Trainee: 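Dumping the structure here so I can ask a few things about it.
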Amino acid sequence: MSLYAVLGHPIDHSLSPRIHEAFGVLTGRPVRYERREVHAGGLARALAAFAAEGGRGANITVPLKSEAFALAARATARAARARAVNTLSWENGAWVGDNTDGIGLVRDLTANHAWSLRDRRVFLIGAGGAAQGIVGPLLDAGIAALAIFNRTPERAHELVSVCADARVAAALPAAQASYDFVIHATAAGLSGDLPALPDTLFEGAIVYDLMYGPKARTFLTHARVCGAREVADGLGMLVEQAAESFLLWHGVRPPTLPVLERLRAEADAR
Ligand code: NAP
């Protein structure tokens, strides 16, 4: 059985092993999938050891997505566009980097939640590896405008300039425009922080947090209190991006709804 893993820090609570093992059962392709704790700067060494042990595919999470992009011998078009890698595949003795975050988010919004993105105005909070991965697929889905806000403004400006698309602009924290979607793609929830943005941003919007479970609660509760029309966490995105990685590695796209429903039921029971 080939070996797969998710690498990053913190990694203890990653659901990726359970998701990939469930996909393996559903598709009749059993997989061995582990968690590996890897800190910033440690990816090259960890990947070399993993390949030597028989590792054939790796998911890359916080804080290693840019490092993975720099280390990949080759990047797919969507990883190159994102300048971030969340999926590595071992091909002909080298790691090939891809990015399935954006397609995972778009599938969750449009297929699982049945929310159309076409001609919608989107406010994106964050400019890290996850944000880099989702801007291209959001634009491809036909959104009308994308405003990007980040705690460190320079990173938002850089992401805007890399997009080179007239629909994309950096957002000012006090911006008064209204948005159909507010997408939260920062790690602020890990420390229980809220991004410094006006309450009015959330009024009437669909608000989505890439985080899931208790770590998304502070942000999504705040959005609801501020008048969000709907709120959702990133559990569906997690399952959908994993399905795209599974497809890359095993050549078959697993059904996602049974896995998502089981994880959601477990989360709701807690
Ligand atoms: P990253 O590359 O480390 O970037 C972190 C981002 O969060 C940056 O924009 C950073 O702003 C911001 N940030 C961190 N702490 C903050 C705080 N206290 N207040 C405001 N902004 C803060 O991480 P990433 O890969 O983009 O991941 C971001 C989050 O998305 C993670 O929590 C991850 O779990 C989640 N995610 C979920 C999925 C999914 O499938 N559901 C997929 C990918 C990522 P600065 O530039 O100012 O530091």
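For reference, positions follow the sequence shown, starting with 1. Note that this is a predicted model, so its numbers are computed, not measured. Side-chain atoms are counted along with the backbone in the values below, which use heavy atoms only and exclude waters and symmetry mates. Counting starts at 1 for both ligands and their atoms, following the listed order.
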Trainee: Closest by any non-hydrogen atom to atom 40 (O) of ligand 1: pick that one out of Val239, Leu238, Thr152.
Mentor: Leu238

Trainee: Which residue holds the protein heavy atom closest to atom 23 (O) of ligand 1, what is that atom called, and what is the gap in Å?
Mentor: Val62 CG2, 3.8 Å

Trainee: Can you check whether Leu235 has an N/O within less than 3.5 Å of an N/O in ligand 1?
Mentor: no

Trainee: Could you tell me if the ring centre of Phe202 sits under 6.0 Å from that of Phe219?
Mentor: yes

Trainee: Identify the closest protein heavy atom to atom 14 (C) of ligand 1: which residue and atom is it, and at what distance?
Mentor: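 Going by distance alone, atom 14 (C) of ligand 1 is nearest to Arg151 NH2, 3.7 Å.
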
Trainee: How far is atom 32 (O) of ligand 1 from the closest protein heavy atom, and which atom is that?
Mentor: Met211 CE, 2.6 Å

Trainee: Which residue is it: Gln132, Arg78, Lys65? I am looking for the one with a side-chain hydrogen bond (donor to acceptor under 3.5 Å, both in side chains) to Asp101.
Mentor: Lys65

Trainee: Among all protein heavy atoms, pick out the one at the shortest distance from atom 7 (O) of ligand 1; state its residue, atom name and that distance to 0.1 Å.
Mentor: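 Among all protein heavy atoms, the one nearest atom 7 (O) of ligand 1 is Ala187 N, 2.9 Å.
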
Trainee: Under 3.5 Å, N or O to N or O, is Gln241 touching ligand 1 that way?
Mentor: no

Trainee: Counting only heavy atoms, tell me which of Ala131, Ala130, Gly102 gets closest to atom 26 (O) of ligand 1.
Mentor: Ala130

Trainee: Going by atom types only, do Ser245 and Asn59 share a side-chain donor-acceptor pair under 3.5 Å?
Mentor: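 Side-chain D/A pair, Ser245 to Asn59: present.
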
Trainee: Does ligand 1 have a heavy atom under 4.0 Å from the side chain of Ala188, from its backbone, from both, or from neither?
Mentor: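 Contact part for Ala188 vs ligand 1: both backbone and side chain.
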
Trainee: Closest non-hydrogen protein atom to atom 36 (N) of ligand 1, residue and atom name please, with distance?
Mentor: Leu210 CB, 4.0 Å

Trainee: With distance as the sole test, does Asp180 use its side chain to make a donor-acceptor pair with the main-chain N or O of Arg120 at under 3.5 Å?
Mentor: no

Trainee: Of the backbone atoms (N, CA, C, O) and the side-chain heavy atoms from C-beta on, which set of Lys215 has a member under 4.0 Å from an atom of ligand 1: side chain, backbone, both, or neither?
Mentor: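 Answer for Lys215: neither.
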
Trainee: Which residue owns the protein heavy atom closest to atom 4 (O) of ligand 1, what's the atom, and how far is it?
Mentor: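 Nearest protein contact, heavy atoms only, for atom 4 (O) of ligand 1 is Gly128 CA, 3.5 Å.
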
Trainee: Looking only at distances, can you tell me whether any N or O atom of Ala127, backbone or side chain, sits closer than 3.5 Å to an N or O atom of ligand 1?
Mentor: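 For ligand 1, there is an N or O atom that lies under 3.5 Å from one belonging to Ala127.
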
Trainee: Quick one: pull up CZ in Phe50 and OH in Tyr4 and give me the separation to the nearest 0.5 Å.
Mentor: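 One finds 8.5 Å between CZ of Phe50 and OH of Tyr4.
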
Trainee: Between ligand 1 and Ala185, can you find any atom pair, the residue atom being a heavy atom, that is separated by under 4.0 Å?
Mentor: yes

Trainee: Walk me through it: do Thr100 and Asn86 pass the test side chain to side chain donor-acceptor pair (under 3.5 Å)?
Mentor: CA-CA 7 Å; Thr100 66; Asn86 82 330; 3.0 Å; yes

Trainee: Measure from the side-chain N and O atoms of Arg35 to the backbone N and O of Asp12, and report whether any donor-acceptor pair falls under 3.5 Å.
Mentor: yes

Trainee: Rounded to the nearest 0.5 Å, what's the gap from CE on Met237 to CD1 on Ile103? Could you check?
Mentor: 11.0 Å

